[in-house]
Asker: 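Before I ask anything, here is the structure I am working with.
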Amino acid sequence: MKVTVFGSGYVGLVTGACFAEAGNHVVCVDIDANKVARLRQGEIPIHEPGLDLLVTRNFQKGRLQFTTDAEAGIKHGLFLFVAVGTPPEEDGSADLSHVLAVAEIIGRHMTEYRVVVDKSTVPVGTAGKVRERIEQTLGERGVKVEFDVVSNPEFLKEGAAIADFMKPDRVVVGTDDPRAAELLKALYDPFTRSRDRMIVMDVRSAELTKYAANAMLATKISFMNELANLAERMGADIEKVRVGIGSDSRIGFSFIYPGAGYGGSCFPKDVKALVHSAGEYEFDAQLLKSVEAVNKRQKRVLFDKISRYFDGDLRGKTLALWGLAFKPNTDDMREAPARELMEALWKAGAKVRAYDPVAMGEADRIYGKRPDLELAKDADSALKGADALAIVTEWQEFRSPDFAAIRDTLRHPVIFDGRNLYEPAFVKTFGLKYFGIGRGDRLVSAKG
Ligand SMILES: NC(=O)c1ccc[n+]([C@@H]2O[C@H](COP(=O)([O-])OP(=O)(O)OC[C@H]3O[C@@H](n4cnc5c(N)ncnc54)[C@H](O)[C@@H]3O)[C@@H](O)[C@H]2O)c1
């Protein structure tokens, strides 16, 4: 089948590469000429395991093309996927300007039936706006062309995006049109063979389903962080509590890990956008507001622990920081807790020696050269000359470190672990002080 994907970011590139891998002919359109040029040279602008192989193979076979030419893309694809960014506006609402710009260009160049598929995460009612914009532009041209607008939200996780796309838990399709539903069913069939995983519903429900999924996951995280803060004060260990509740099949183990707060390009913006949408319907989304507020507070927890440990004076201190990406297996630092921590440390007069297995280039792009940030070549060298160690991302390579070496290298033998990677009692046998999240050891200061 012929597919065009607008936007070659995390979602667009994975979508395009996976559809091409199934034998479809895919054209990826992006307005970023530099990105398109890099992709044509086989350079993948993001870190996503397995994506480079998929892109290279399908590009070489001629099934995957990259272009800035929207008109050619619209001519090519029966399916026109919209996978452009929907970043948050100042007020938390989703910025739809990129989505509507694509709708406009589709209206300008469409000459025969097309299925326009909203894959970007967009507020309820956006498919209607996309339809209106296309109709308006067609009207300006004085032509009538048939088309459908379908909602097909994406649920992939960065870091496991290929597997998620190739073997999705479900494919949600929002449409009232049986023809569009049939076409999408045919397109997704290779990915849903073991059982029918396509859930067809009305457009507005499909749009809300995406927000509901992310809001639910964010809620689980904030709930556990709230409980972790309580456990810390009550002398309980949240890790024991986690196992105690996760074993209840009604609760389950996924997404109940306490930590340094959720980040990334999706949860923070989607929770904010849903709160904002609720307001437009004159509904006060109290739970969602709290999810957001708890997360905001949680992103300060590591800094507060570090600050308390050093009696509120971090001037001249150097912190080794392990992990910059918002989660493992990605170089994405959008809204990453590490950024919040670093920026708070800098504000307090401390320096940072940071290491991340893949996000160093991204950190350099965001912060550039500055005297209070040093990007270390590996985890061990980040420790050199540092007063203490803070862990913000749960990369596999941080899970079994040489604790004796950490103790001997740091000026103060102390670890602040924002991801609860270790067993406190074990770490302490090395003569290290260890502060996790919610482990029943509320810290007042180094002396306290
Ligand atoms: N990243 C994720 O894990 C994830 C998961 C599910 C859903 N989503 C949603 O998918 C959408 C895309 O997210 P992303 O992370 O891939 O974004 P991204 O920022 O990585 O990529 C967006 C791309 O769209 C391009 N673009 C902007 N305007 C364009 C236009 N008019 N025509 C063609 N290209 C254009 C940009 O240049 C950029 O390359 C968002 O709505 C996001 O919420 C993201």
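Note that ligands are numbered from 1 as they come in the structure, with each ligand's atoms numbered from 1 the same way.
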Asker: Give the residue and atom name of whichever protein heavy atom lies nearest to atom 1 (N) of ligand 1, and the separation in Å to one decimal.
Answerer: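 Here the closest protein heavy atom is E158 OE2, 2.7 Å.
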Asker: If you count the atoms of ligand 1 from 1 in the order shown, which ones are under 4.0 Å from a heavy atom of A83?
Answerer: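 Listed by number with element: 12 (C).
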Asker: Where does A161 meet ligand 1, judged by heavy-atom distances below 4.0 Å: at the side chain, the backbone, both, or neither?
Answerer: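 The answer is neither.
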Asker: Mind checking whether K210 has an N or O less than 3.5 Å away from an N or O of ligand 1?
Answerer: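 In fact, backbone or side chain, K210 has no N or O that close.
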Asker: Answer yes or no on whether R38 is positioned over the face of F66, meaning its NZ or CZ is under 6.0 Å from the six-membered ring centre and within 45° of the axis.
Answerer: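 No cation-pi geometry.
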Asker: Identify the two heavy atoms, one from I105 and one from A70, that lie closest to each other, and give their separation to 0.1 Å.
Answerer: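 Where I105 meets A70 most closely, the heavy atoms are CD1-CB, 3.7 Å.
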Asker: Please report which non-hydrogen protein atom sits nearest to atom 21 (O) of ligand 1, along with the residue it belongs to and the distance in Å to one decimal place.
Answerer: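 Here the nearest protein heavy atom works out to G9 CA, 3.2 Å.
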Asker: Specify the protein heavy atom at minimum distance from atom 25 (C) of ligand 1: its residue, its atom name, and the distance to 0.1 Å.
Answerer: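 The closest one turns out to be D30 OD2, 3.2 Å.
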Asker: Could a heavy atom of K157 be found less than 4.0 Å from some atom of ligand 1?
Answerer: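 No.
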Asker: May I ask you to identify the nearest protein heavy atom to atom 40 (C) of ligand 1, giving residue, atom name and distance to one decimal place in Å?
Answerer: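 Ranking protein heavy atoms by distance from atom 40 (C) of ligand 1, first comes T86 OG1, 3.5 Å.
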Asker: Residue-level breakdown please: for R334 versus ligand 1, do any non-hydrogen atoms fall below 4.0 Å on the side chain, on the backbone, on both, or on neither?
Answerer: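 Just the side chain.
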Asker: Relative to the heavy atoms of G85, which atoms of ligand 1 are at a distance of less than 4.0 Å?
Answerer: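 Taking each heavy atom of G85 in turn, ligand 1 has 22 (C) under 4.0 Å.
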Asker: I need the nearest protein heavy-atom contact for atom 6 (C) of ligand 1: residue, atom name and distance, please.
Answerer: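 Here the closest protein heavy atom is E154 O, 3.2 Å.
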Asker: Under 6.0 Å between ring centres, would you say that holds for F19 and F79?
Answerer: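 F19 vs F79: aromatic centres not under 6.0 Å.
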Asker: Do any nitrogen or oxygen atoms of V11 come within less than 3.5 Å of a nitrogen or oxygen of ligand 1?
Answerer: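 Yes, since at least one N or O of V11 sits under 3.5 Å from an N or O of ligand 1.
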Asker: Are the side chains of E340 and L302 in contact, using a 4.5 Å heavy-atom criterion?
Answerer: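 A side-chain contact is absent here, since even the closest heavy-atom pair is not under 4.5 Å.
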Asker: Touching ligand 1 at all, E48? Heavy atoms, strictly under 4.0 Å?
Answerer: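 In this structure, E48 fails to qualify as a contact of ligand 1 - no heavy atom is under 4.0 Å.
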Asker: Where do Y355 and F398 land on the side chain to side chain contact (heavy atoms under 4.5 Å, CB included) test, with the steps shown first?
Answerer: CA-CA 11 Å; Y355 168 72; F398 301 152; 3.8 Å; yes
Asker: Going by the order shown, which atoms of ligand 1 are within less than 4.0 Å of some heavy atom of S265?
Answerer: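 Answer, ordered by atom number: 1 (N).
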Asker: Just need the protein heavy atom nearest to atom 9 (C) of ligand 1, so name the residue and atom and give the distance.
Answerer: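 Answer, as residue, atom name and distance: T121 OG1, 3.4 Å.
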Asker: Checking contacts here: is it the side chain or the backbone of I46 that comes within 4.0 Å of ligand 1, counting heavy atoms only? Could be both or neither.
Answerer: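 Contact part for I46 vs ligand 1: neither.
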Asker: For atom 35 (C) of ligand 1, which protein heavy atom lies nearest, and how many Å away is it?
Answerer: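 The closest one turns out to be V84 CG1, 3.3 Å.
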Asker: Considering only heavy atoms of K35, which atoms of ligand 1 have at least one such atom less than 4.0 Å away?
Answerer: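 Close to K35: 38 (C), 39 (O).
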Asker: Using the side chain to side chain donor-acceptor pair (under 3.5 Å) criterion, which residues pair with E112? Sequence neighbours excluded.
Answerer: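 E112: no side chain to side chain donor-acceptor pair (under 3.5 Å) contacts found.
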Asker: N/O of Y10 under 3.5 Å from N/O of ligand 1, yes or no?
Answerer: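 Between Y10 and ligand 1, an N or O pair is found under 3.5 Å apart.
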Asker: Please say whether the positively charged group of R170, taken as NZ for Lys or CZ for Arg, lies over the ring of F155, i.e. under 6.0 angstrom from the six-membered ring centre and within 45 degrees of the axis.
Answerer: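 Pair R170/F155 counts as cation-pi.
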Asker: Can you check side chain to side chain contact (heavy atoms under 4.5 Å, CB included) on F147 and E135, steps first, answer last?
Answerer: CA-CA 9 Å; F147 66 97; E135 267 165 2; 3.9 Å; yes
Asker: Give the atom numbers and elements of ligand 1 that come within less than 4.0 Å of a heavy atom of V102.
Answerer: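 Listed by number with element, the hits are 30 (C), 31 (N), 32 (N).
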Asker: Side chain or backbone of S120 under 4.0 Å from ligand 1, or both, or neither, by non-hydrogen atoms?
Answerer: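 S120 to ligand 1: contacts from backbone and side chain alike.
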Asker: Within ligand 1, which atoms have a heavy atom of V29 less than 4.0 Å away?
Answerer: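 Answer, ordered by atom number: 33 (C), 34 (N).
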Asker: What residue and heavy atom of the protein are closest to atom 24 (O) of ligand 1, and at what distance?
Answerer: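 Scanning the protein heavy atoms, the shortest distance from atom 24 (O) of ligand 1 goes to G7 CA, 3.4 Å.
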Asker: State the atoms of ligand 1, each with its element, that fall below the 4.0 Å cut-off from a heavy-atom position in K269.
Answerer: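 What qualifies from ligand 1 is 42 (C), 43 (O).
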